[in-house]
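Notes follow once the structure below has been shown.
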Amino acid sequence: MKDRDQTNRGDGDRGEGDPGPDALWRDYLEGDLSEAGMEALRQSFESDPGARPGRIEALRLHRELGLVLSTTAGDRADFVAATMARLPGEGGGRRPRPGRWMAIGAALAAALMGAVLFNASGRSPAPVLRVIEAAGSVEWVAGGGQAEPLPGPGSTLPGGVLALRGPDAWAELAFNDGSTFTLTGIARATVSDEGRKIIALDGGRLLAEIEPQGEHPLLVFTPAAELEVLGTSFRVLASEERATLDVTQGRVEMVRYADGRRVEVAAGEFAVATRSAGGAFRSRVRPQPTASWSASLRSDPTQGRFVTDIKALKADLALAVDRGELTEAEALERFLAADGGLEAVALWKKVDRWKKGEARPGDLQGPSGGPERGETGGALIAAGPVSAGGDSAPVLLADDSRILVTGWVARPTRLTVGLTLAHADRRHAGKVSFTSSVLPGGTSFELDLLGGDFVPYQPAKKFEPLGESLPAVSSGASTGHRSGSIIEDWWCLGHDLGSGLKIHSVVIQPAAGRSR
Amino acid sequence: MDKEQQSPSDSPEEPVHRLGALHADLSAAVERVRGGDRGAFEALIAGLERPLRAWLVGRAWPGIDVDEVAQRAFVQAYVQLHRFEPGSDFAAWLFTLASFELRTEMNRARRTADYHSRFASDLLEEYLSRQEQPGGEPELRIEHLERCLSQLDGRHRELLGWRYREQVSLVEIGERLGRSVPAIKKALWKLRGRLRECVELGLAGQGERA
């Protein structure tokens, strides 16, 4: 009762200029706490442990009210039905509206088949896309099914599949009517324009500026939702589990597959559709930009590593269990931690390939001198989103922003830390990077950087071999990055395959208080 | 904290023993599913969705979509059912899977650092994962909360319905009631305080009215 007395003791009555910790907590629960208030609340939480249990109880009741008041008997029945629809196997499939996805597949297959038939008849398929810019490992699969590097700027293409293989990759393409879209990071999209533009985004981040489409809106399909776009600018981040839509101009209609519900998202708003029918599905005002952000990965089993192939991850983990290298619980934990399709197995495979003789000798030697598994010693790359859209406030980069990266490497190596940037309207603004000097192995590291240390990143056309494709060491003196941009994501590359890179935390702060 | 995080199955048993009455039904349903009756899984979801979601809301940060976590746990249970040991407690096994899913979701939130996780990620996780069930089990708390809500007057129930069921913004609630946003926040805070007290009294066997 003492705790409750503390939380209720009326400092919520204070004036707005002097909010007490309980008023801050109240604002936090209401989703109405500013960045400065968040920091004040954090300090209060740390300095007054006696008040914590009461606040946790207040939080708990707040959450329970959400459950009780937003869940009617009908909602519970919907939950059961939606969950059944997500079960794999006969009849249900993974989504409650398999017919819709069959229609999507049929539409895209018809579009791509058109290209194949044109090829078979000796005529070139009609180009519907033009390459504006691309960098990193970007592949293009046209109707014939052969994956090839994306051709250079100015090249025209029929419908097909655009696949980006690395976090440092991006590609910007234009439709014939001048509508443009950009994919960044690890992503895959199937694109067609047979009278109606269709983009099926399997995963990754898509930014688009779409000209007015008349009676046939552009359709964007993601695993969790469908977007109908008449003419606007928007950004969507899609994974197997959710789609996050941010609209910059105009309006976009979003349909959640789980229950068929629709929301209209206007400029300055966002909406998140998950694979479940529960939870809030509505348009909300996008949060204001912030200058500070942090990600703690120490307790994250992936420690930021990338995985691109969930099926391969399952197979690798099953094998590890069979070999007695992992318990089932450990394997399950690692699988579940590899959420969203942006994970590390592709790199495990790459390490395995290199182990089989394609790698340089010594690259795969662990600290003990023997070969290491990718999961422990071959984690070449770590990455994660920063301004992920939705509830995530856009994070600004300034020349004097502080970027603090901490982690661990098994062997001496240089590291490249990269950032993907966007303009204020969320159009792609390029990638910047900083490359360290050689860090000592077998120890923790801390890179304490300024925004001005980052220079425009020039990735090799192909992502591998990784160690040879990295840019030269930067002097740190350039101010070539775009100050005032929004940081979309970060990534970190270890230059040596056996570097055993682990990232513990990434922190972005305003310059105040920094000493160098 | 690390120890807590490495023992995901440390607490799922807490809410499960209350499900003993369901145990026989659940076991029968599990056997039917294992025998190829996919539809029988619906009975497992219907029987366990409420206690599972109640347990999750007590442990998840704000901003975590517990429905999504719960659904993913059910899907994992279905996919992994061949690993379930017949005769053991299906509910306990499901809650363990859910604890993994919850941690995954928290990891995702920590990486994306949304509004809540910017504050909550380390500070709240420690408390939420350590939290004893102070007044009983999660589902029982929910039942008491429903009773306490039914005892509020209509005006207060309407206010809570706007906030939690319809998710009306504080500004709009203020406009509807002709009051300022700080006043609405304070009213909600006081109402939650009353409900907390009612729930705790109920759990202690003393609560008769909110």
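Just so it is clear: chains get the letters A, B, ... in the order the sequence lines come, proteins before strands, and each one is counted from 1.
Rounding to the nearest 0.5 angstrom, the gap separating the CG atom in D67(B) from the OG1 atom in T274(A) is 8.0 Å. From L52(B), atom CG reaches atom CZ of F79(A) across 7.0 Å, with rounding to the nearest 0.5 Å. Note that the CZ atom of R192(B) and the CG atom of L29(A) stand 5.5 Å from one another [nearest 0.5 Å].
Contact annotation: the side chain of R86(A) never approaches that of Y78(B) to less than 4.5 Å [non-hydrogen atoms, C-beta and beyond]. Using a 4.5 Å cut-off on side-chain heavy atoms (C-beta onward), R282(A) and E166(B) make no contact.
Under the ring-ring contact (aromatic ring centres under 6.0 Å, His included) criterion, Y164(B) pairs with H62(A), not counting sequence neighbours. Judged as a side-chain hydrogen bond (donor to acceptor under 3.5 Å, both in side chains), and not counting sequence neighbours, E31(B) has no contacts.
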task: Any chance you could lay out the side-chain contact (heavy atoms from CB on, under 4.5 Å) test for F74(B) and M84(A), step after step, and finish with the verdict?
output: CA-CA 9 Å; F74(B) 279 117; M84(A) 285 297 291; over 6 Å; no
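At a 4.5 Å heavy-atom cutoff, the contact between R163(B) and chain A is made by side-chain atoms alone. Heavy-atom distances place both the backbone and the side chain of L65(A) under 4.5 Å from chain B.
Contact detail for A60(B) and R63(A): the closest heavy-atom pair is CB-NH2, 3.6 Å. The minimum heavy-atom distance between R60(A) and G58(B), with the atom names listed, is NE-CA, 4.0 Å.
Salt bridge status for E68(B) with R256(A): absent, with no side-chain N to carboxylate O gap under 4.0 Å. In this structure, R141(B) pairs ionically with E57(A), as a charged nitrogen and a carboxylate oxygen lie closer than 4.0 Å.
With chain B as the partner, the residue from L69(A), L67(A), V68(A) showing the most heavy-atom pairs under 4.5 Å is L69(A).
Partner E30(A) forms a side-chain contact (heavy atoms from CB on, under 4.5 Å) with one of I184(B), V181(B), L188(B) and no other, that one being L188(B).
R38(B) places a side-chain N or O within donor-acceptor distance of the main-chain N or O of L87(A), the cut-off being under 3.5 Å.
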